[in-house]
Amino acid sequence: MTKTMFEPSITSRPVYGVLSPGVGSAHLFVADGEGADAVCDLFAKAEAAEMKAASHIIYMPGANGCDKTADLQALGVAQFYRAPSFASAQSRLAKVLADAHMGLQIYAAGTEGLMAQVAALAQAAGLPYEAVQMEHRGSLARRVQCVHCKGVTENVRLDPFHCSHCGLSLFVRDHFSRRLAAFQGVNIDAEDPGQVPASVERFK
Amino acid sequence: MSVGAPKIPVVVAEVVEVNALIKRFRFQRRDGAAMPVFSGGSHVVVEMDDHGTRRMNPYSLMSHPADTLGYEISVRRDEVGRGGSLYMHTHVRPGMEMVLSQPVNLFPLDARAKKHLMIAGGIGITPFLAQMAQVEAMGGRFELHYSVRSPALGAYVEHLQEQYGSRVHVYYDELKQQIDLKTLLKSQPLGTHIYVCGPKGMIAWVKATAAAMGWPALAVHSEEFLAPPVGLAFEVQLAASGKSFTVQPNQSLLEAIEAAGVEAPYLCRGGACGQCETDVLRCDGHIEHNDHWLTDAQKASHTKIMPCVSRFRGAALILDR
Ligand code: FES
């Protein structure tokens, strides 16, 4: 599979590459859903063979039910951990980052929300944003922050959609916050209350 | 600083011989007012009137960033250079009036780092003196690895060891001591940033070693001021201001432009900041690019020049200035 093509947009909108074997003392992979395929593709490369003994994969099935645990387990890396969700993997991730040394390579693959949250954790650990390799796979559903109530809604497919916290109708912008790891949603009928265009499934 | 920015009129308050090669200078404002607070890693451009030649050399500020009563710099005597450091060593005395630029920081600490790993070579220690004081005051974590030729030339070693104890590691070339860089870089906690200031070779060595060990390029910071090299005299024509003149062997192109009465932008005067970038309208000959700002492709195209450090050989050079 090739990398997802994104429409050209504002510079704030993240763009992603293709995972490739990095040079370093240890390798941490975090993937969800179809992101597992990106990890498998990386390990299919000959140069990645010697990375296995120093690799740790943290995986969670996608919100769409896609679960490729078996494929990842079959890779035979030093550590494999399956978590039911990103939230439940967070304490493990925090521990891994706290114990790590410079030279650790970080890879994130799967949905945008997952990758953004991994990058935010890496940044909080003192790494530059660019230090995390990212490859998009699977769903384009977005993680969106309501700029009014600040609540975050996961897996947003429709635009506009109802904020799951305050209920406002939100237009999903390409404006993205690296710190919050979320796209920004703004009230679409603030000036003409009730004038809400029909929702379309923009993020499949 | 650049065109139009106010300068700081100062008086030399103190000149101290640190060792056989290094002198320290302290400046205070002539009007007795406070100096601007700066961040560790900043430099100022010191203006000198060297017997009719105007020299403007950048020096890192080494005093405590919170010390607004004065600024301190250290100058290493360079016998073969164009004379700026020699002028500072032989002519500058307490009580003399001089002019400084506003402080500019091209080598700041990254506040997001969990730990600052500082690597200094020789006179490259100066920005770290201010940075360490700053990190210490903020309760941050740092470690200094300082390489010098000999104990006699180890400027500020005692002060640093006294102040910061085991966080300071000193290596003497004469005693065949060398930083064990690989071991050092292997054991750094995640979120460490490297800062290196020293000779070209040292910076390249640190950058290459870190890259080979998987350090992100953006976690490795360096600063190297190039002194404008001496060279052959050459002619230059400025299209916008309609002037032509000769750049003398021991004068930089930027200095020659300024001497012709044309205001040109600059910040570092050392080929590092990019501020002086100038479009080349015509180049019949060869530009000697000495900066580390332009990309290799830009350098090869001969359409841009950094007048603070670069020179020209050939028949005609016309700049858009
Ligand atoms: S003044 Fe900084 S590159 Fe020339």
Side-chain angles (χ1 to χ4, degrees), chain A residues 14 17 19-30 42 47-48 50-56 58 78-79 90-108 115 117-134 177-181, chain B residues 40-41 106-119 131-132 134-135 138-145 167 169 179-196 203-223 295:
Chain A
L19 299 189
S20 68
V23 193
S25 49
H27 305 267
L28 172 66
F29 294 84
V30 188
L42 180 144
E47 332 72 285
E50 70 231 34
M51 280 171 51
K52 283 190 180 172
S55 291
H56 182 171
I58 297 177
Q79 272 178 288
Q90 221 160 346
S91 57
R92 185 185 185 90
L93 259 173
K95 169 86 174 122
V96 171
L97 295 177
D99 292 347
H101 289 101
M102 288 304 280
L104 173 76
Q105 304 297 301
I106 304 179
Y107 310 78
M115 292 190 284
Q117 291 179 90
V118 173
L121 281 180
Q123 271 188 289
L127 286 176
Y129 177 82
E130 292 75 3
V132 179
Q133 282 198 47
M134 293 186 246
S177 163
R178 287 181 180 179
R179 184 177 59 86
L180 301 168
Chain B
L106 299 173
F107 188 47
L109 292 168
D110 191 322
R112 296 165 297 187
K114 297 291 172 205
K115 176 181 171 185
H116 307 282
L117 179 66
M118 303 165 178
I119 303 175
Q131 288 184 337
M132 283 185 276
Q134 183 181 329
V135 179
M138 298 189 320
R141 198 169 160 201
F142 73 90
E143 205 174 290
L144 170 75
H145 294 262
R167 289 173 289 174
H169 305 256
I179 302 176
D180 182 358
L181 193 57
K182 279 198 179 145
T183 307
L184 181 64
L185 297 193
K186 203 157 67 187
S187 56
Q188 296 306 315
L190 200 70
T192 304
H193 283 230
I194 297 173
Y195 305 83
V196 51
I203 294 175
W205 172 58
V206 171
K207 281 187 168 176
T209 309
M213 293 178 70
W215 284 64
L218 291 172
V220 184
H221 314 266
S222 62
E223 179 160 82
T295 62

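Proteins come first, then strands; the chains are lettered A, B, ... in the order of their sequence lines, and each starts at number 1.
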Contact summary for [X] and [Y], nearest pair of heavy atoms:
X: B:V135; Y: B:F142; value: CG1-CD2, 3.8 Å
X: A:M102; Y: B:P216; value: CE-CD, 3.7 Å
X: B:I203; Y: B:S222; value: CG2-CB, 3.7 Å
X: A:A108; Y: A:M115; value: O-SD, 3.8 Å

Interatomic distance, [X] atom [atom1] to [Y] atom [atom2] [nearest 0.5 angstrom]:
X: A:F29; Y: A:L19; atom1: CZ; atom2: CG; value: 7.0 Å
X: A:L97; Y: A:L121; atom1: CG; atom2: CG; value: 6.5 Å
X: B:L190; Y: A:L127; atom1: CG; atom2: CG; value: 4.0 Å

- Contacting region of A:A124 [heavy-atom separation from chain B under 4.5 Å]: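 For A:A124, the backbone is the part near chain B, not the side chain.
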- Message: Given B:L185, which partner from the list B:V206, B:I194, B:V220, B:I179 fulfils the side chain to side chain contact (heavy atoms under 4.5 Å, CB included) test?
- Response: B:I194
- Which answer fits B:A212, side chain, backbone, both or neither, if we ask what part of it has an atom under 4.5 Å from a heavy atom of chain A? backbone
Give me a line-by-line list of donor-acceptor atom pairs from chain B to chain A that are under 3.5 Å apart, or tell me none exist.
unit_1, atom_1, unit_2, atom_2, d
B:K114, NZ, A:A124, O, 2.9
B:Q188, O, A:M102, N, 2.7
B:L190, N, A:A100, O, 3.0
B:H193, NE2, A:G126, O, 3.0
B:G214, O, A:Q105, NE2, 2.8

- Determine the option with the most heavy-atom pairs under 4.5 angstrom with chain B, choosing from A:A98, A:G24, A:A125. A:A125
- Query: Using a cut-off of under 4.5 Å for heavy-atom pairs, which of A:P128, A:A131, A:A122 has the most such pairs with chain B?
  - Reply: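 So the answer, after comparing A:P128, A:A131, A:A122, is A:P128.
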